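Below: the structure, in structure tokens.
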Amino acid sequence: MPIDIRRGNAEWQRRSLRNVWHPCTQMQRAAALPPLPIARGHGPWLEDHEGQRYFDTSSSWWVNLFGHADARIAAALKDQLDHLPHVMLAGCTHAPAVELAERLSALTGNVLGHCFFASDGASAVEIALKMSYHCWRNLGHGNKREFVCLRNGYHGETLGALSVTDVAVFRDAYDPLLLRARSVMSPDARQVEHGESPAAVATRAAHDLRRLLAATHEQIAAVIVEPLVQGAAGMVMYDPCYLRMLRALCDEFHVHLIADEIAVGCGRTGTFFAFEQAAAPGGEPLWPDFVCLSKGISGGFLPLSLVMTRDHIFDAFLDDDVARGFLHSHSYTGNPLACRAALAVLDRFVDDDVLRVNRQRAEELTRSLAPLQEDPRIEHWRQRGMIWAFDVREELAGPRFSEQFHLAGRKNELLIRPIGRSVYLLPPYVLDDTLSNWLAERVTNTLDAVTPR
Ligand SMILES: *Cc1c(COP(=O)(O)O)cnc(C)c1O
């Protein structure tokens, strides 16, 4: 039955608060700050039940690469719906999973030639952690069962993924339930000290990791990082040279390197995989041992995640014994609809030359935002690829800054949710000059509303 869009916002808000337990939300506050009831989406726009539109500045938690209801992805899904919405991937296979695995592998020059499918990002992280440990165990190194993560890193909120997450608000309540992981200095470029470069901060962070690995590598299975941008920490950015040093340290100390590209993959940082930027200019390509992908890979249509890994890790599981094989059974693994959406996403990258066009789009929006960059109310202006962020100065941002900014944003036709006092834009890849100017103006108006000049 079609949703009755004649019912107004208030009714959907009231009914939602009664029966829907919203994520990332203090439900006691939700009455004062009710969720936006969205009736439809088109391109970068969302529209509520009374016809009010909002620009989706975060691509709906970073998943919606090509805007809402993209016609080409929708057409691929409609075709798939008529043929094979689902089949189990144990004992069966299907073209969308095969083609997706082949095409993603090809994007790594077949270095990461083996794809394991799941549905959400946190599960991809769980899979990479389990695979890393199990690989070492199969190789006779069962003592390598600890993980290293970066301070302020985020890898999802199931218990394993939360164990390698260092964002206090998500972690603290559940801390007693978690695996013990070791965290090391983040290469966060905001930590520059008097005249230091971001590369120097990255070098300090790499030294911190070296100290830990030198002492404990016999117990360490893997290091997990978000390449280039720590998203949930507030779009924290760092110098790509950190990834190069990290790759070298993981090789030197025989630990796996897991690149969590759930947020930064799919072109978000300017290359299809963020880790591609680890290579020195003109140097050999470098790859991690595992890549986790999710969010943008299915274009904001269906849940899909996957873990890609190398031949030697895959080979470590080959045996007559079932228990030495990788064991992670998940009912919707490799769902054909979700894989088909991902194939349509990959098609768009080719057909529309997305990475090249995004470079232009990024320049345009950066130009539109230039006056804001100089604004004395903000600090730590940063940008990489299709991500922009800045921090509102601490003395100007009150305890409810994020909520106030979000509410002021609604009045400016923006759906925008700062992380603490970090305001960020992670728009769908559909910007043009007009939209960039509009967006810069509305973000500035929103800032004016919460922190008057
Ligand atoms: C969102 C995210 C996850 C978790 O993905 P879910 O689909 O929300 O479980 C993991 N890692 C990173 C870097 C993310 O941004």
Side-chain angles (χ1 to χ4, degrees), residues 62 65 101 103-116 121 124-125 127-129 131-132 147-150 153-156 164 184 186-189 198-199 202 205-206 209 222-233 235-252 255-297 305-313 342 345-346 349 354-355 358-359 384-387 426:
W62 328 340
L65 286 199
R103 287 176 66 178
L104 287 171
S105 302
L107 290 175
T108 68
N110 291 313
V111 172
L112 299 165
H114 308 275
C115 283
F116 194 97
V125 169
I127 286 164
L129 299 177
M131 240 179 217
S132 170
F147 299 97
V148 177
C149 56
L150 299 185
Y154 180 91
H155 300 287
V164 288
V184 290
S186 160
D188 181 352
L209 177 60
V223 180
I224 182 167
V225 301
E226 294 161 272
L228 300 180
V229 184
Q230 296 184 291
M235 300 302 151
V236 166
M237 300 189 186
Y238 60 85
D239 194 288
C241 74
Y242 182 77
L243 298 177
R244 198 147 64 236
M245 295 185 275
L246 174 64
R247 180 65 275 181
L249 286 170
C250 289
D251 288 340
E252 181 182 344
V255 303
H256 293 143
L257 169 47
I258 304 173
D260 176 351
E261 300 236 0
I262 290 166
V264 295
C266 302
R268 187 48 76 178
T269 66
T271 42
F272 188 84
F273 296 102
F275 207 90
E276 290 171 56
Q277 296 175 51
E284 286 286 298
L286 297 175
W287 292 101
D289 300 304
F290 299 91
V291 164
C292 302
L293 276 187
S294 188
K295 292 206 163 100
I297 186 62
S305 68
L306 51 95
V307 178
M308 302 165 66
T309 193
R310 294 171 180 263
D311 290 345
H312 74 86
I313 290 171
V345 164
L346 295 184
F349 273 89
V354 167
L355 295 177
N358 273 359
R359 280 198 286 279
R384 182 168 292 276
M386 292 291 280
I387 309 176
L426 203 141

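Excluded from the calculations below are hydrogen atoms, water molecules and symmetry mates; all remaining heavy atoms, backbone and side chain alike, are included. Only a predicted model underlies this, so the values are computations on that prediction, with no experimental measurement involved.
Side-chain contact check for Arg268 versus Arg384: every heavy-atom pair is 4.5 Å or farther apart. Annotation: side chain of Met308 is not in contact with side chain of Phe116 (no heavy-atom distance under 4.5 Å). Looking at Ser305 and Ile297, their side chains never come closer than 4.5 Å, going by heavy atoms from C-beta outward. Side-chain contact between Val223 and Leu150 is absent, with no heavy atoms from C-beta onward closer than 4.5 Å. Contact check for Leu286 versus Leu243: no side-chain heavy atoms found under the 4.5 Å cut-off. With contacts defined as side-chain heavy-atom distances shorter than 4.5 Å, the pair Pro240/Leu228 qualifies. Taking 4.5 Å as the limit, every side-chain heavy atom of Val291 sits out of range of all side-chain heavy atoms of Val307. Under the 4.5 Å side-chain criterion, counting only non-hydrogen atoms from C-beta, Phe272 is not in contact with Val354.
Glu261 places a side-chain N or O within donor-acceptor distance of the main-chain N or O of Phe275, the cut-off being under 3.5 Å. Side chain of Thr108 to main chain of Leu112: a donor-acceptor pair is present (N/O by atom type, distance under 3.5 Å, no hydrogens or angles). Under a 3.5 Å cut-off, the side chain of Arg244 and the backbone N or O of Ala278 do form a donor-acceptor pair. At least one donor-acceptor pair closer than 3.5 Å links the side chain of Asp289 to the backbone N or O of Leu257. One N or O on the side chain of Arg310 and one on the backbone of Trp287 form a donor-acceptor pair closer than 3.5 Å. For the pair Glu226 (side chain) and Gly231 (backbone), a donor-acceptor distance under 3.5 Å is present.
Not a single side chain to side chain donor-acceptor pair (under 3.5 Å) links Asp239 to another residue, sequence neighbours left out. With sequence neighbours left out, the side chain to side chain donor-acceptor pair (under 3.5 Å) criterion links Ser132 to His256.
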Please determine whether side-chain contact (heavy atoms from CB on, under 4.5 Å) holds for the pair Phe290 and Met131, giving the CA-CA distance in whole Å, both sets of side-chain angles, and the decisive distance to 0.1 Å. CA-CA 9 Å; Phe290 299 91; Met131 240 179 217; 3.7 Å; yes
May I have the step-by-step check of side-chain contact (heavy atoms from CB on, under 4.5 Å) for Leu65 and Cys266, ending in yes or no? CA-CA 8 Å; Leu65 286 199; Cys266 302; 3.7 Å; yes
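Here CE of Met245 is found 13.5 Å from CD of Glu252. Values are rounded to the nearest 0.5 Å.
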